[in-house]
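Heads up: the structure comes next, in structure tokens.
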Amino acid sequence: MNERHVLVVFPHPDDEAFGVSGTIAEHAQNGTPVTYACLTLGEMGRNMGVPPFANRETLPHIRKQELEEACRILGIHDLRLLGYRDKTVEFEDEEELADRIAAIVAETNPSLVITFYPGYSVHPDHDACGAAVIRALKRWPKEERPTVHCVAFAKNCEQDLGQPDVVRDVSSVIDTKLAAIRAHRSQTEGLMQAASKRGDALAWLKTERFWTYRWDD
Amino acid sequence: MQPIDTAAVQEALNRFANRDVYIHLETTNGAYASHHNEGFYSVGAYIRNACIRFTRGKITGPGPYRVGLKLDLGWVYAEGLTHWEWTEKGQLLLAGHDDQGKLAVALELSDEPFV
Ligand SMILES: [Zn+2]
């Protein structure tokens with residue numbers, strides 16, 4: 001899995017945490033440069049804590065710091081914050097959004113792009129983000145496009161897309177992954193507590209699953 | 001944020017009456033509600049930086065609380081409010097959180113647009 005450059009494109013600061021951060025850590029440890037383009041700061045997140053440690057106005061600042069910390073832990077040295085607003089990505093002009101992503105692709109020349117599978121990623125921002133990445137990459141001739149590994153978790157994704165064709169055991173970097181997840185404390189603390197109560201957290205986190213995007217052109 | 005002190009919130013509401021103020025109003029049960037619980041009807045709405053002017057603002061209820069702002073031609077309403085904060089910038093932040101600390105409703109007022 002020696003890549004020239006890995007470009008990760010997600011809409012929310014913690015989107016990489018559970019399903020992709022092990023893969024990112026492995027690439028970074030192999031010496032592959034990783035660029036993470038994050039479309040929003042997750043301004044509309046709902047987890048404020050009990051008692052609340054954040055409010056609607058402070059949440060973006062907190063999540064930005066958490067994201068920077070997660071990137072430091074994972075070895076991502078190139079973080080791009082694109083400045084869109086949470087929950088509004090699908091309402092942006094699709095060509096303009098693709099322009100922004102295409103510019104980063106042209107600059108970083110990645111051999112692998114990781115994003116959400118459009119239509120199979122539940123949150124409208126996830127689907128819009130994946131669609132924008134695909135739209136951007138389609139501007140290159142098919143044979144020059146980077147490989148695209150997609151995260152998907154809609155209920156019907158296996159029914160429609162089949163089994164994920166990339167299944168990666170990330171046990172060797174599990175401590176780094178757990179630290180990156182914990183860095184997104186405002187959003188992940190509750191989930192991690194629930195998972196550790198169920199006792200299945202580690203098994204779930206040791207495997208990362210991707211669908212290679214199949215071009216339709 | 002702190003649990004709502006109705007007297008303090010009422011005083012803060014009074015400060016914004018009869019002048020142009022920017023409002024953030026939001027209600028949400030989360031983008032994943034239907035994913036986690038099939039059959040659950042997911043809804044949400046928000047408006048950010050609309051400029052309004054109200055003649056009377058009032059907080060009521062035994063907690064969680066309700067706030068109504070009476071406009072010249074209509075109303076702004078929010079229910080389920082549990083916490084409040086008065087920021088350094090002189091903004092009034094009100095929010096309602098469920099028992100897991102998830103925001104379900106927010107009503108915020110500011111003299112300057114929210115960034
Ligand atoms: Zn997300």
Side-chain angles (χ1 to χ4, degrees), chain A residues 11-12 14-15 18 40-64 83-91 116 119-129 151-157 185-195 197, chain B residues 1-5 22-40 42-49 64 78 80-115:
Chain A
H12 308 128
D14 60 342
D15 285 336
F18 291 101
T40 83
L41 289 176
E43 290 90 344
M44 299 300 279
R46 296 185 65 214
N47 292 315
M48 300 296 179
V50 182
F53 55 79
N55 62 52
R56 186 43 85 237
E57 304 309 317
T58 59
L59 189 65
H61 306 286
I62 293 170
R63 294 193 70 175
K64 183 175 172 218
Y84 293 97
R85 189 177 174 85
D86 195 4
K87 279 185 161 179
T88 66
V89 177
E90 63 180 324
F91 305 113
F116 281 115
Y120 294 95
S121 299
V122 182
H123 192 298
D125 284 343
H126 296 175
D127 286 333
C129 173
V151 176
F153 62 104
K155 292 244 151 68
N156 61 338
C157 63
R185 189 191 139 233
S186 71
Q187 306 305 304
T188 58
E189 203 168 38
L191 268 169
M192 289 301 276
Q193 279 165 0
K197 263 183 212 150
Chain B
M1 301 187 94
Q2 299 296 320
I4 280 179
D5 168 345
Y22 294 91
I23 185 171
H24 172 99
L25 175 65
E26 165 187 3
T27 175
T28 176
N29 50 30
Y32 299 101
S34 302
H35 180 70
H36 292 311
N37 179 1
E38 240 168 294
F40 189 93
S42 188
V43 299
Y46 80 83
I47 182 167
R48 187 167 176 85
N49 284 331
L81 299 164
T82 56
H83 291 82
W84 85 296
E85 183 169 327
W86 180 260
T87 74
E88 292 166 2
K89 295 178 183 166
Q91 299 165 324
L92 173 62
L93 311 184
L94 298 165
H97 303 105
D98 67 15
D99 54 4
Q100 295 162 54
K102 285 187 193 298
L103 183 142
V105 60
L107 172 60
E108 305 177 348
L109 297 172
S110 172
D111 285 322
E112 301 293 327
F114 292 98
V115 289

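The sequence lines fix the lettering, A, B, ..., with proteins before strands; numbering per chain opens at 1. Just so you know, these numbers use all the heavy atoms, side chains as well, and skip hydrogens, waters and symmetry mates.
If you tally non-hydrogen atom pairs under 4.5 Å between each of A:Pro52, A:Gly45, A:Pro60 and chain B, the highest count goes to A:Pro52. The residue among B:His24, B:Glu108, B:His97, B:Gln100 with the most heavy atom pairs within less than 4.5 Å of chain A is B:Glu108.
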Taking it one step at a time, do B:Thr28 and A:Lys87 satisfy side chain to side chain contact (heavy atoms under 4.5 Å, CB included)? CA-CA 11 Å; B:Thr28 176; A:Lys87 279 185 161 179; 3.4 Å; yes

Chi angles and distances behind the side chain to side chain contact (heavy atoms under 4.5 Å, CB included) call for A:Met48, B:His83: CA-CA 11 Å; A:Met48 300 296 179; B:His83 291 82; over 6 Å; no

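Between A:Glu57 and B:Leu93, some side-chain heavy-atom pair lies under the 4.5 Å cut-off.
Using a 4.5 Å cut-off between heavy atoms, A:Phe153 contacts chain B through both its backbone and its side chain.
Closest heavy-atom contact between A:Arg46 and B:Asn29: NH1-O, 3.2 Å. The two residues A:Thr88 and B:Tyr46 have their closest heavy-atom pair at CG2-OH, 3.4 Å.
Using a cutoff of 4.0 Å between basic side-chain nitrogens and carboxylate oxygens, A:Arg56 and B:Glu26 are scored as salt-bridged.
Annotation: the span from B:Glu85 atom CD to A:Asn55 atom CG amounts to 4.5 Å, rounded to 0.5 Å.
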